[in-house]
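Notes follow once the structure below has been shown.
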2 protein chains.
Amino acid sequence: MFKNIKNYFNQLITFIEDDWLLFEERLSIIEIKKGDYLLKEGQTCKMVSFIEKGLVRLSCTIDYKDVTTGFATENEYISDYESFLLQQPGKYNIQAIEDCTFINISYLDLQYLYKQKLVFSDAGRKISENLVIIISHTLTALLTQTPEERYLELVQIKSPLLQRVPQYMLASYLRITPEHLSRIRKKISGN
Amino acid sequence: MFKNIKNYFNQLITFIEDDWLLFEERLSIIEIKKGDYLLKEGQTCKMVSFIEKGLVRLSCTIDYKDVTTGFATENEYISDYESFLLQQPGKYNIQAIEDCTFINISYLDLQYLYKQKLVFSDAGRKISENLVIIISHTLTALLTQTPEERYLELVQIKSPLLQRVPQYMLASYLRITPEHLSRIRKKISGN
DNA sequence: GATTTCTATTGATAAATGTTAATATCCTTT
DNA sequence: AAAGGATATTAACATTTATCAATAGAAATC
């Protein structure tokens, strides 16, 4: 069951067998169906979820409209990090675009582990650092690219994702209307 | 000399006197003049810099144009985190908008400290977590607000900063042209 | 203090993107 | 297979924002 999450951690850090045991007994598993929510805005995010299977989107409501701000899929983490880290009510929804299986660790269990051994604090630091890299890159892309360029990069880097996400959600993520995305796609495909 | 940086850390974590000694002997001080660069794109960012005095901007070059992506001032950190964390050449410049004094810690010294004591790894984790919160918030703002709304928030939250930054840099940061910012300001001030 | 350079504003026009509405396509469900 | 609902495309038009050009204002340099 924990093969994927173990692989993920092995890329970051060296756990000995004993660390794994301590870690695994803190994990919980949740399954939800397509369309269902793992987290709704206004709730305090209690856990970080490793995606064992499926695809989710991160969204929030702006001017009564639902805006997709990110996607995450197999072997990635998802959480409302701001809400999770501050343990305050957050602004984000996490919704399953496909049936999903999550492996979760709660805030309290994580704090417990951080205090137990340096290796856990190190792992937490590295995961945070990775997040900084990922979010920084997203931010830079948004600051420096046009919608068309962002779409092209998405096609290049996350092509498999495009097949699994409805276009209107992609448009929302790219910060353009579905109509405009449709025009960009037409233009790219060669008028 | 290290009063400000100590205050900053005391908000995050409890260092004992011994920790401070270990920490302080790893710090270095750099001063640069207005207009000069602490880091230029293409270089690998070797350190994280606490701003003791002054004001800097983070920028990168897009289509031969210089784009401001962030500001940082007294009692904040600045770095090209992506370049720093990966120890790879980066895309960002750090330029002094005013004469600056930085207190720096190098990548290698930081790795050394992380191995010494849990408290340093914990501090590093918390700083990364703070960064995640800050960058996430910036990202969300960019995803969900119009240029005018972003300007108004900037006025509210970082009013002192506005006095110190030329308007064309602000415009670049808001992702609009200086002309457009000028029009927004005119409109807000009451036609 | 005059000159020069950089910065900010304004107006006219162009380009990009959004809005609305109609139609077409695809997917479910029956 | 038909019906219904969701999603995607297309067109006409509106709005936002950028571009270009000219001018005004501010700040640095001599």
Side-chain angles (χ1 to χ4, degrees), chain A residues 33-37 55 57 59 61-69 71 95-99 141-155 159 161-191, chain B residues 33-37 55 57 59 61-69 71 95-99 141-155 159 161-191:
Chain A
K33 291 284 174 196
K34 173 178 176 174
D36 288 350
Y37 287 83
L55 171 62
R57 75 189 184 100
S59 69
T61 302
I62 308 291
D63 296 336
Y64 308 103
K65 273 181 244 163
D66 179 277
V67 176
T68 299
T69 59
F71 301 100
Q95 185 186 25
I97 296 178
E98 303 171 356
D99 292 356
L142 211 59
L143 283 168
T144 59
Q145 298 178 334
T146 64
E148 183 168 332
E149 288 167 340
R150 293 203 297 276
Y151 175 70
L152 286 171
E153 178 169 315
L154 204 59
V155 170
S159 175
L161 194 69
L162 298 200
Q163 318 306 320
R164 298 164 70 183
V165 175
Q167 215 159 290
Y168 72 93
M169 282 184 193
L170 273 188
S172 171
Y173 176 67
L174 293 168
R175 301 304 298 143
I176 54 180
T177 56
E179 292 88 343
H180 191 55
L181 176 56
S182 185
R183 285 178 199 122
I184 288 176
R185 282 162 51 83
K186 187 183 178 188
K187 183 180 156 201
I188 288 169
S189 72
N191 304 315
Chain B
K33 290 284 173 195
K34 173 177 176 175
D36 288 351
Y37 287 84
L55 170 61
R57 74 190 185 100
S59 70
T61 303
I62 308 293
D63 297 337
Y64 308 103
K65 274 181 245 163
D66 179 277
V67 176
T68 299
T69 59
F71 300 100
Q95 185 185 26
I97 297 179
E98 303 171 355
D99 292 356
L142 209 60
L143 284 168
T144 59
Q145 298 177 335
T146 63
E148 184 168 331
E149 287 167 340
R150 292 203 298 277
Y151 176 71
L152 286 171
E153 179 170 315
L154 204 59
V155 170
S159 173
L161 193 69
L162 298 199
Q163 318 306 320
R164 298 162 71 182
V165 175
Q167 216 160 290
Y168 72 94
M169 282 185 193
L170 273 187
S172 171
Y173 175 68
L174 293 168
R175 300 305 298 144
I176 54 180
T177 57
E179 292 90 340
H180 191 55
L181 176 56
S182 182
R183 285 176 193 122
I184 288 176
R185 282 162 50 83
K186 187 181 179 188
K187 182 181 157 200
I188 288 168
S189 72
N191 304 314

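- Comparing C/dA21, D/dA18, C/dG11 by their nearest atom to the side chain of A/E179 picks out C/dA21.
- For the salt bridge (Lys or Arg N to Asp or Glu O under 4.0 Å) with A/E98, the lone residue among A/K34, A/R57, A/K33, A/R164 that qualifies is A/R164.
- When distances are taken from the side chain of A/I176 to each of D/dT9, C/dG18, D/dA18, the shortest belongs to C/dG18.
- The closest donor-acceptor contact from the side chain of A/S172 to the backbone of A/T68 lies under 3.5 Å.
- Atom NZ in A/K34 sits about 11 Å away from atom C1' in D/dA6, given to the nearest Å.
- Taking atom CD of residue B/E148 and atom C1' of nucleotide D/dT16, one finds them 11 Å apart after rounding to whole Å.
- A/R183 has no side-chain polar atom (N or O) that falls below the 4.0 Å cut-off from OP1 or OP2 of D/dT9.
- C/dT10 atom C1' lies 17 Å from atom NZ of B/K187, rounded to whole Å.
- To the nearest angstrom, P of D/dT7 lies 15 Å from CZ of A/R185.
- Relative to the side chain of A/H180, the nucleotides D/dT17, C/dG18, D/dT7 differ in distance, and C/dG18 lies closest.
- Side-chain contact annotation: B/Y173 with B/R150, donor-acceptor N/O pair under 3.5 Å absent.
- Separating the CZ atom in A/F71 from the CG atom in A/L162 is a distance of 9.0 Å, to the nearest 0.5 Å.
- Considering NE2 of A/H180 and NZ of A/K187, their distance stands at 8.0 Å, rounded to 0.5 Å.
- In this structure, the nucleotide among C/dT19, C/dT7, D/dT7 sitting nearest to the side chain of B/Y168 is C/dT7.
- Within the 4.0 angstrom heavy-atom criterion, only backbone atoms of the sugar-phosphate kind lie near A/P166; the bases stay farther away.
- Here C/dG18 presents its C1' atom at 12 Å from CD1 of A/I184, a figure rounded to the nearest Å.
- For the pair A/L170 CG and D/dT9 P, the computed distance is 11 Å after rounding to whole Å.
- One interatomic measurement links the two molecules: CG of A/L181 to C1' of C/dG18, which rounds to 14 Å at whole-angstrom precision.
- In this structure, the NZ atom of B/K186 is 7 Å from the C1' atom of C/dT10, given to the nearest Å.
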